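Keep in mind that this is a model prediction, so the values were computed, not measured.
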Amino acid sequence: MNTTSNRKERPPKYRRILSFIVLAALLSLTFYTWRAWSDTVAWKEQSRYSEYTDGIASAVTGRLNNYKMILQEGAALFALYGDVTRDSWKEYYEYRQVRALFPGIQGIGFSKVIQPTELEQHIKEIRAEGLPGYAVWPTGDRDVYTAIVVLEPLDERNRRAIGYDMFSEPVRRSAMERARDTGEVSISGKVRLVQESDKDAQAGFLMYVPIYARGMALKTTKDRRAALTGYVHSAFGMNDLMRGIFPDLLHKIEFQICDGSEISPAGMMYESDDQRSTSDTNGAPVFSSQKNLGLYGRQWTLAFETRPLFEAEVDELTPMGILIAGILISLLAFLFLRATESTRVRAAVLAEEMTSELRESEEKYRVLTDCLQVGVSMVGPNMEVLAANATQRKWFPGSDFTQNPPCYAAHNLPPLTEPCEDCPALKTFADGGMHTVEREAT
């Protein structure tokens, strides 16, 4: 009996799995929303990071382009006048306000091509111009010399470079030959500038613009080699150059500049993290990348990493809040549906149990009253006969008690149409007390 009842009250299959379907749907929506928001945040931060790195690369490229124009303007003086005196070069340097408008440049100068047969006479001429200690160095026999004869500003650091033969050093010579053969601006690889001392030495490079003799053909490489008279050049210390480009520290992005197609200790020219605190080095950066810049015959590699100040601005709380809130809401909805279904099932089982108990009670009552030798009936508030025992039905065989007829029609022979005089049932319904009456049935 109980097994049948339990089987009847077992909820439909769809109701049993409804809570799990809702849980799966809400969790799916949560993870979708979380992923979408995370992707949006990542895209936003990637864009912000790219703006910084693109800005740094553009600033470096733009500043070198400006320096190129300064050198080309200086080369134009030689193209116009054939030769430029030391005083004229100083006037050009001051007129262009190089120190104020182009910070980071070590100086701009002119290197003269000197054949071995011309070397002794060249030294005499420069000494006669007011530089009594002038000499071409390093000493030694070479096929050609390219001594620095003019350099501005002629301060203590730049005086060290006067007379230096840049053709004597392979890295510089490679850039100078490239400029000579192409007629284009060229920069050298990583070098140590002769202006640098052992204190606070920094990596450097040079930029060259070739100067050709006026009136000579320049169509072929051979022509340009024959016509070369010197170079307008500029020297750059990388630390000074970067301070000129970025006067304010870049607190959010760390970057390195390496001469070559990849980052390597040998080619490292600049690192912006020299003043980072120890705490900044904890953990991997959120973003890192590299950019390759083709610059006047050389390739520079820029490597970038985010710093904690950048990472502190990344919105990590909102996606995490969406994820946690979505999971909690999903679990609460699941538990609510499970509780509701469980309550419904318990209520159905309880109702079935109460109905079963009521039926058993009614059955016992019926058995008990049917055994009595007196007629017993139950009358409702409208005087309808709700039930009658076997004796009562036997006494009034013509009455159909299942139709709930009025008691005065069912319990009187012949049936009455109105309640009996002094009807005890009416009195009981009226005052709630117990009333009796005796009479013979007729």
> Which of parallel (below 30°), tilted (30 to 60°) and perpendicular (above 60°) describes Phe31 and Trp34?
Replying inline: perpendicular
>> Ring-plane angle category for Tyr270 and Phe255, please: parallel below 30°, perpendicular beyond 60°, tilted otherwise.
In response: tilted
>> Looking at Arg157 and Glu196, is any side-chain nitrogen of the basic one under 4.0 Å from a carboxylate oxygen of the acidic one?
In response: yes
>> Apply side-chain hydrogen bond (donor to acceptor under 3.5 Å, both in side chains) to residues Ser88 and Thr85 and explain how you reach the verdict.
In response: CA-CA 5 Å; Ser88 297; Thr85 65; 2.9 Å; yes
> Salt bridge check: are Arg173 and Glu177 linked by an N-O gap of less than 4.0 Å?
Replying inline: yes
>> Can you confirm whether Phe205 sits close enough to Tyr296 that some side-chain heavy atom of one is under 4.5 Å from a side-chain heavy atom of the other?
In response: no
>> Suppose we screen for salt bridge (Lys or Arg N to Asp or Glu O under 4.0 Å). Which residues come up paired with Asp39, at least two apart in sequence or across chains?
In response: Arg35
>> Under 4.0 Å between a side-chain nitrogen and a carboxylate oxygen: does that hold for Arg63 and Asp240?
In response: no
> How far apart are the C-alpha atoms of Thr221 and Asp181, what are their side-chain angles, what is the distance that settles it, and do they pass the side-chain hydrogen bond (donor to acceptor under 3.5 Å, both in side chains) test?
Replying inline: CA-CA 5 Å; Thr221 300; Asp181 293 346; 5.5 Å; no
>> For Phe310 and Tyr49, take the angle between the two ring planes, folded into 0 to 90°, and tell me which bin it lands in: parallel under 30, tilted 30 to 60, perpendicular over 60.
In response: perpendicular
> Do Tyr67 and Phe236 have ring centres separated by under 6.0 Å?
Replying inline: yes
>> Nearest 0.5 Å, please: how far is CD1 in Ile322 from CD1 in Ile329?
In response: 11.0 Å
>> Check the orientation of Trp137 and Tyr164. Use parallel for under 30°, tilted for 30 to 60°, and perpendicular for over 60°.
In response: tilted
> Is there side-chain contact between Tyr212 and Arg224, with heavy atoms separated by less than 4.5 Å?
Replying inline: yes
>> If the threshold is 4.0 Å, N to carboxylate O, is there a salt bridge linking Glu313 and Lys252?
In response: yes
